[in-house]
Every structure is written in structure tokens, then in C-alpha cells.
Amino acid sequence: THKVKDSVVRLYATTIGKLKITSGRIVACDPGHIDEYGIPFTQEFPRGEFPVQLAIAKLGYDETIAYARINFSDESVQRWEFALQKGQSPLPVGGKEMHGYPVDLGIGMFADEDAAKAIDKTNLTSLDAALYKEMDKNYRNDWRFTMHSFGAHNLAAFSSGFGDGYYATYIGFDAQGKPCRLLTDFGFFHWN
């Protein structure tokens with residue numbers, strides 16, 4: 001539990017499926033703007049299939065996705081860094097500036113770079129597309145998600161916290177300096 005403005009927030013987690021990582025390069029963005037913002041992070045991640053987990057913040061009867069993450073291992077996170085795209089410089093976590101991606105469809109996603117290149121972009125830009133219909137089938141209390149499969153690939157799509165905004169993605173490194181998490185923070189909690 002956590003307090004937000006004197007209200008008790010309960011967090012619970014759910015695993016929505018496993019993401020296929022084939023290239024080791026991951027894209028996180030608003031799926032409707034994959035052509036503009038679907039630039040893979042410079043960090044190389046483990047290849048294989050890894051659980052995508054959502055942290056759901058429950059305040060009374062309302063729920064929202066506070067965090068979305070890919071869990072590469074069960075090792076403890078020893079340090080966090082911003083996930084960087086080509087040309088971005090490292091910034092201190094918790095500083096006044098941050099790297100992230102803009103959302104205006106109220107949705108975020110994780111995909112391997114191979115999947116991002118292979119998908120028919122109209123399946124992401126048209127709100128009548130299969131991706132969004134699949135998300136509607138997985139509607140919960142004010143949030144929705146899908147593990148969308150196409151060909152040999154898949155992607156994870158989920159509601160972005162309270163909706164539109166600018167959200168940071170972080171890499172958690174274990175004691176050996178290997179990435180063990182990739183986490184998008186949807187700004188539910190203010191940490192300063």
C-alpha cells in the first residue's frame with residue numbers, strides 16, 4: 001500500500017503474457033505513433049520470451065496501470081538508468097529532466113525491434129484495427145491490455161496510466177550489471 005494525498009492506494013500485479021525478444025533491441029512507445037517514436041533503445045536486452053507485468057494501482061473502486069515492465073530475471077535491481085535512444089545523453093534518475101515517450105492514444109507498448117519492423121502499421125494507427133479490438137476484450141476496471149500476436153512476433157499493449165502524457169522508461173540492472181527489468185512509469189506516483 002502507498003498513500004497519495006492521504007488516500008490509501010493498493011498495488012497489485014498481473015502478468016499479461018510473454019514478449020518474444022528476437023533481436024535484443026526493444027521499442028517502447030505509443031503504438032499509434034510507432035513510425036515517429038518507435039526507435040529502439042541502445043541497450044541490448046536478453047533474447048527469449050519474458051513476462052510482461054503490470055502494476056495496478058487501486059484507489060477505492062478506481063484502477064489504473066501505474067507501471068508496465070518486462071521481467072528478464074528474478075535478480076534484484078541494484079541501479080536504475082533511463083532507457084536511451086540513439087543520440088540521447090544519460091540523465092540522472094530523479095532529476096528535473098527525463099527521457100521518455102509521448103502518448104496521445106492513452107496506450108503504451110513494448111515490442112522487439114524485429115516485431116516493430118514486421119507489423120502492418122495500419123494495425124496500430126487505425127483505432128478499428130485488431131490490436132485495439134483485442135485490448136477491448138481484455139478490459140478491466142478503467143484499463144485494458146493485450147499480447148498481440150502476428151506472424152512469428154508479438155507485442156504487449158496496455159493503457160498508459162491516466163492516459164495521455166509523457167512517460168519515462170527505465171532499465172534496472174542487477175549486481176552483475178546485466179539488465180533484469182525494463183519498466184515504464186506512468187506517473188501515478190510523484191517521487192519527489
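Computed from a predicted structure; not experimentally measured.
Of all heavy-atom pairs between Gly108 and Ser160, the closest is N-CB, 4.1 Å. Taking both residues in full, the closest heavy atoms of Gly32 and Leu105 are given as CA-CD1, 3.5 Å, listed atom of the first, atom of the second, then distance. Taking each heavy atom of Val103 and Asp30 in turn, the nearest pair found is CA-OD2, 3.5 Å. For the residue pair Ala68 and Leu54, the shortest heavy atom distance occurs at CB-CD2, 3.7 Å. The shortest heavy-atom contact between Val27 and Gly38 is CG1-CA, 3.6 Å.
At least one donor-acceptor pair under 3.5 Å links the side chain of Asn154 to the backbone N or O of Lys20. Side-chain atoms of Asn138 come within 3.5 Å of backbone atoms of Phe145 as a donor-acceptor pair (strictly under, hydrogens ignored). Side-chain atoms of Arg25 never come within 3.5 Å of backbone atoms of Ile39 as a donor-acceptor pair (strictly under, hydrogens ignored). At least one donor-acceptor pair under 3.5 Å links the side chain of Asp164 to the backbone N or O of Gly106. Formation of a donor-acceptor pair under 3.5 Å by the Ser159 side chain with backbone atoms of Arg144 is found in this model. With hydrogens and angles ignored, the 3.5 Å screen pairs no side-chain donor or acceptor of Thr15 with any backbone N or O of Gly17. Side chain of Lys121 to backbone of Ala116: a donor-acceptor contact under 3.5 angstrom is found. Under the 3.5 Å distance criterion, the side-chain polar atoms of Tyr101 are left unmatched by any main-chain donor or acceptor of Ala168. Side chain of Asp174 to main chain of Gln78: no donor-acceptor pair is present (N/O by atom type, distance under 3.5 Å, no hydrogens or angles). Side chain of Tyr67 to backbone of Gln53: no donor-acceptor contact under 3.5 angstrom is found.
Ile119 has its side chain within reach of Leu155: a pair of non-hydrogen atoms, C-beta onward, lies under 4.5 Å apart. Counting only heavy atoms from C-beta outward, the side chains of Leu131 and Pro31 approach each other to under 4.5 Å. Annotation: side chain of Arg69 is not in contact with side chain of Thr184 (no heavy-atom distance under 4.5 Å). Side-chain contact between Thr64 and Ile56 is absent, with no heavy-atom pair separated by less than 4.5 Å. Annotation: side chain of Phe50 is not in contact with side chain of Leu182 (no heavy-atom distance under 4.5 Å). The shortest distance between side-chain heavy atoms of Phe82 and Val93 falls below 4.5 Å. At least one side-chain heavy atom of Leu91 sits less than 4.5 Å from a side-chain heavy atom of His99. Contact annotation: the side chain of Asp104 approaches that of His33 to within less than 4.5 Å [non-hydrogen atoms, C-beta and beyond].
Under the 4.5 Å side-chain heavy-atom criterion for ILVMFWY residues, no single connected hydrophobic cluster contains both Met147 and Met109. Hydrophobic clustering of Ile, Leu, Val, Met, Phe, Trp and Tyr side chains at less than 4.5 Å, counting indirect connections, unites Val52 with Ile171. Residues Met135 and Ile16 fall into different hydrophobic clusters, defined by Ile, Leu, Val, Met, Phe, Trp and Tyr side chains chained together at heavy-atom separations under 4.5 Å. Tyr170 and Phe186 are members of different hydrophobic clusters when ILVMFWY side chains are connected at heavy-atom separations under 4.5 Å. Linking ILVMFWY residues whenever their side-chain heavy atoms come closer than 4.5 Å, directly or via other members, places Leu59 and Leu11 in the same cluster.
Between the OH atom of Tyr167 and the CZ atom of Phe162 there is a distance of 8.5 Å, given to the nearest 0.5 Å. In this structure, CG in Asn123 is found 4.0 Å from NE2 in His148, a value given to the nearest 0.5 Å. Atoms CG and CZ, on Asp120 and Phe150 in that order, are 10.0 Å from each other to the nearest 0.5 Å. The CG atom of Asp114 sits 6.0 Å away from the NE2 atom of His153 when rounded to the nearest 0.5 Å. One distance of note links CD of Gln85 with OG1 of Thr169; it measures 8.5 Å at 0.5 Å rounding. Considering CZ of Phe110 and SG of Cys29, their distance stands at 10.5 Å, rounded to 0.5 Å.
Residues passing the salt bridge (charged side-chain N to carboxylate O under 4.0 Å, His left out) test with Lys18: none are found, sequence neighbours excluded. Residues that satisfy the salt bridge (charged side-chain N to carboxylate O under 4.0 Å, His left out) test with Arg47, not counting sequence neighbours, are Glu44.
Other residues, nucleotides and ligands contribute at most 12 non-hydrogen atoms within 6.0 Å of the OH atom of Tyr61. Other residues, nucleotides and ligands contribute at most 12 non-hydrogen atoms within 6.0 Å of the NZ atom of Lys117.
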Audit row: Leu183, Asp185, side-chain contact (heavy atoms from CB on, under 4.5 Å) steps and yes/no: CA-CA 6 Å; Leu183 179 139; Asp185 179 351; 4.2 Å; yes

Using ring pair (Phe, Tyr, Trp, His ring centres under 6.0 Å), reason through Phe72 and Phe45 one step at a time and then give a plain yes or no. CA-CA 8 Å; Phe72 296 107; Phe45 295 92; 5.3 Å; yes

Please walk me through it: do Leu84 and Gln43 pass side-chain contact (heavy atoms from CB on, under 4.5 Å)? CA-CA 7 Å; Leu84 301 176; Gln43 173 70 46; over 6 Å; no

Take Lys58 and Glu63, measure what salt bridge (charged side-chain N to carboxylate O under 4.0 Å, His left out) needs, and give me the verdict at the end. CA-CA 4 Å; Lys58 186 174 177 79; Glu63 294 183 350; 3.4 Å; yes

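A cation-pi contact links Arg79 to Phe173, judged by a cut-off of 6.0 Å to the six-membered ring centre and 45° from its axis.
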